[in-house]
**Student:** 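Take this structure, written in structure tokens, and hold onto it; I'll ask about it next.
Start at 1 and go down the list; that is how both ligands and their atoms are numbered. Below, all heavy atoms of this structure are taken into account, side chains as well, without hydrogens, waters or symmetry copies.
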Amino acid sequence: MTLTLDSLSRSYGGFHAVQSVSLSLSTNAIVGMIGPNGAGKTTLFSLINGLQSPSSGSVSLDGLDLTTLPAFKRARAGLAWTFQVPRPFSHLTVLENLLVAARNQPGDSILRAFFQPRATRRFEVEIERRAKQILEFLRLSHVSEEFSKNLSGGQKKLVELGRALMLEPKFILLDEPFAGVNPVLIDEISERIIELNQLGIGFLIIEHNIGALSRLCKRMVVLDHGRAIGDGSPAQVLADETVRMAYLGES
Ligand code: ATP
């Protein structure tokens with residue numbers, strides 16, 4: 001499958017946060033995205049997942065035009081994402097956090113609960129089975145009954161990933177999965193991402209930790225002032241003079 005961004009732009013008044021970004025991202029790949037603060041990375045993510053509308057351009061997943069679809073329909077089409085600052089429900093347990101991610105689909109659950117009690121029970125059994133499998137995969141089973149507020153920063157990032165996985169996505173956008181995470185958990189999160197990718201899930205990952213990102217991805221895109229100014233292997237991109245000037249402040 002391919003996620004295609006075609007001349008995607010977003011302006012706020014006269015300010016161009018994202019300027020004509022075109023990218024083709026395969027679900028075979030883990031693609032990194034770097035760029036200075038304010039380069040437009042998170043804005044680009046929100047144009048892809050539908051939390052914001054583009055001023056112009058389009059987003060499609062394997063030919064299906066997502067551009068005018070609301071976020072929940074994009075999620076149904078196979079797109080999942082995590083936020084820069086993890087947003088688990090603090091007063092729910094880790095397991096409950098995963099369950100609500102699958103349950104709260106607009107238009108679904110109320111009808112199911114009122115008119116299809118048996119289907120609801122089957123659905124509940126099925127999502128609990130899936131949630132437990134995902135927690136095991138993420139090495140989080142031992143904290144499944146813990147309130148999310150008591151987890152470390154890295155564990156919260158893993159819960160976010162778990163919530164995304166509950167949607168059975170084909171493509172996941174990760175916004176700074178390593179921020180505030182200790183090096184041991186960074187390695188663990190990286191391993192899980194690689195394993196998921198081997199199962200056919202594509203990733204686009206915004207990250208400021210260039211070292212960890214370089215080890216994880218074979219392709220890296222650089223955003224600066226809303227434009228894609230670099231695209232290639234981490235070694236190529238990081239050696240590029242334009243990128244070094246823009247991002248690393250070197251000449
Ligand atoms: P960081 O690495 O710090 O997270 P970023 O590359 O993700 O930065 P964005 O958060 O996408 O950058 O912001 C890009 C630019 O767009 C910034 O200058 C920001 O102030 C501006 N911007 C983002 N959202 C809005 C908005 N709703 N209204 C006005 N300007 C905005």
**Student:** With a 4.0 Å cut-off, would you call Lys132 and Glu128 a salt bridge?
**Tutor:**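 Yes, Lys132 and Glu128 are salt-bridged.
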
**Student:** Any salt bridge linking Arg244 with Glu241? Criterion: basic side-chain nitrogen under 4.0 Å from a carboxylate oxygen.
**Tutor:**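 No, this pair does not count.
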
**Student:** Just how far is it from atom CZ of Phe45 to atom CD1 of Ile206, taken to the nearest 0.5 Å?
**Tutor:**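 Interatomic distance, Phe45 CZ to Ile206 CD1, rounded to 0.5 Å: 4.0 Å.
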
**Student:** Show the short N or O contacts, below 3.5 Å, that ligand 1 makes with protein N or O atoms; if there are none, say 'none'.
**Tutor:**
from: ligand 1; atom 1: 2 (O); to: Asn37; atom 2: ND2; distance (Å): 3.4
from: ligand 1; atom 1: 2 (O); to: Lys41; atom 2: NZ; distance (Å): 2.7
from: ligand 1; atom 1: 2 (O); to: His208; atom 2: NE2; distance (Å): 2.8
from: ligand 1; atom 1: 3 (O); to: Asn37; atom 2: ND2; distance (Å): 2.9
from: ligand 1; atom 1: 4 (O); to: Gln84; atom 2: NE2; distance (Å): 3.4
from: ligand 1; atom 1: 6 (O); to: Ala39; atom 2: N; distance (Å): 3.1
from: ligand 1; atom 1: 6 (O); to: Gly40; atom 2: N; distance (Å): 2.9
from: ligand 1; atom 1: 6 (O); to: Lys41; atom 2: N; distance (Å): 2.9
from: ligand 1; atom 1: 6 (O); to: Lys41; atom 2: NZ; distance (Å): 2.8
from: ligand 1; atom 1: 7 (O); to: Thr42; atom 2: N; distance (Å): 2.8
from: ligand 1; atom 1: 7 (O); to: Thr42; atom 2: OG1; distance (Å): 2.9
from: ligand 1; atom 1: 8 (O); to: Gly38; atom 2: N; distance (Å): 2.8
from: ligand 1; atom 1: 11 (O); to: Thr42; atom 2: N; distance (Å): 3.4
from: ligand 1; atom 1: 11 (O); to: Thr43; atom 2: N; distance (Å): 2.8
from: ligand 1; atom 1: 11 (O); to: Thr43; atom 2: OG1; distance (Å): 2.6
from: ligand 1; atom 1: 12 (O); to: Gly40; atom 2: N; distance (Å): 3.2
from: ligand 1; atom 1: 24 (N); to: Tyr12; atom 2: OH; distance (Å): 3.4

**Student:** Salt bridge check: are Arg129 and Glu126 linked by an N-O gap of less than 4.0 Å?
**Tutor:**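 Answer for the salt bridge query: yes.
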
**Student:** Do the side chain of Ser9 and the main chain of Ser20 share a donor and acceptor less than 3.5 angstrom apart?
**Tutor:**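 Here the side-chain-to-backbone pair exists.
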
**Student:** What residues, two or more places apart in sequence or in another chain, satisfy salt bridge (charged side-chain N to carboxylate O under 4.0 Å, His left out) together with Glu191?
**Tutor:**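 Listed in chain order: nothing, the list is empty.
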
